[in-house]
Amino acid sequence: MLKKVEHIGIAVKSLDNANTLFSKLFGKEHYKIERVESEGVNTSFFMLGETKIELLEATKSDSAIAKFIEKKGEGIHHIAYEVENILEEMERLKKEGFELINQQPKEGADNKLICFLHPKSTNGILVELCQERK
Ligand code: ZN
């Protein structure tokens, strides 16, 4: 079972510019910046009540975020859902016919284990499962 929306990921060309823009929009500053080397991204996080917004900037031209922006431009990149046990959920969703992009959980930003579901199996939305690392 997916518990709740953990965060919404937004692809941006420049994290600096986006941090300025979104801090004006939200009326508050980001609380964290983190580089995720394995994904080729810099991220920043804003907390709005219980909802997190993650901004993602590519650090190299062949990263998924760079390719996304090239194809679709800046905008909503993924919706992340919190799960209790990521391995169980990956198994369950695979049986339900969803296509996992990574077959093993990998390290995401913000101390999470993550797995992506391919948008072609989820009505065009890139879905991220995330589990708090214990
Ligand atoms: Zn994310």
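Only this structure's heavy atoms are used, side chains among them; waters, hydrogens and symmetry mates stay out. Atoms within a ligand are numbered from 1 in the order they appear, just like the ligands themselves.
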*Of all N, O or S atoms in Glu54, which has the smallest distance to the Zn ion (ligand 1)?*
OE1
*Flag His78 as yes if one of its N/O/S atoms falls below 2.8 Å of the Zn ion (ligand 1), otherwise no.*
yes
*For residues Glu54 and His78, is any side-chain donor paired with an opposing acceptor at under 3.5 Å?*
yes
_Salt bridge present between Lys67 and Glu70 (N-O < 4.0 angstrom)_ = no
*State whether the side chain of Thr59 and the backbone N or O of Asn42 hold a donor-acceptor pair below 3.5 Å, judged by distance alone.*
no
_I'd like to know if the Zn ion (ligand 1) has an N/O/S atom from Cys130 within less than 2.8 Å of it, counting both backbone and side-chain atoms._
no
*With the Zn ion (ligand 1) as the point of reference, which N/O/S atom of His7 is the closest?*
NE2
*For the Zn ion (ligand 1), what is the closest N, O or S atom on Glu128?*
OE1
*Could you tell me whether the side chain of Lys112 reaches within less than 4.5 Å of the side chain of Glu132, counting heavy atoms only?*
yes
_Residue Glu6, metal the Zn ion (ligand 1), N/O/S under 2.8 Å_ = no
_Less than 4.0 angstrom from a charged side-chain N to a carboxylate O is my criterion; do Glu57 and Lys13 meet it?_
no
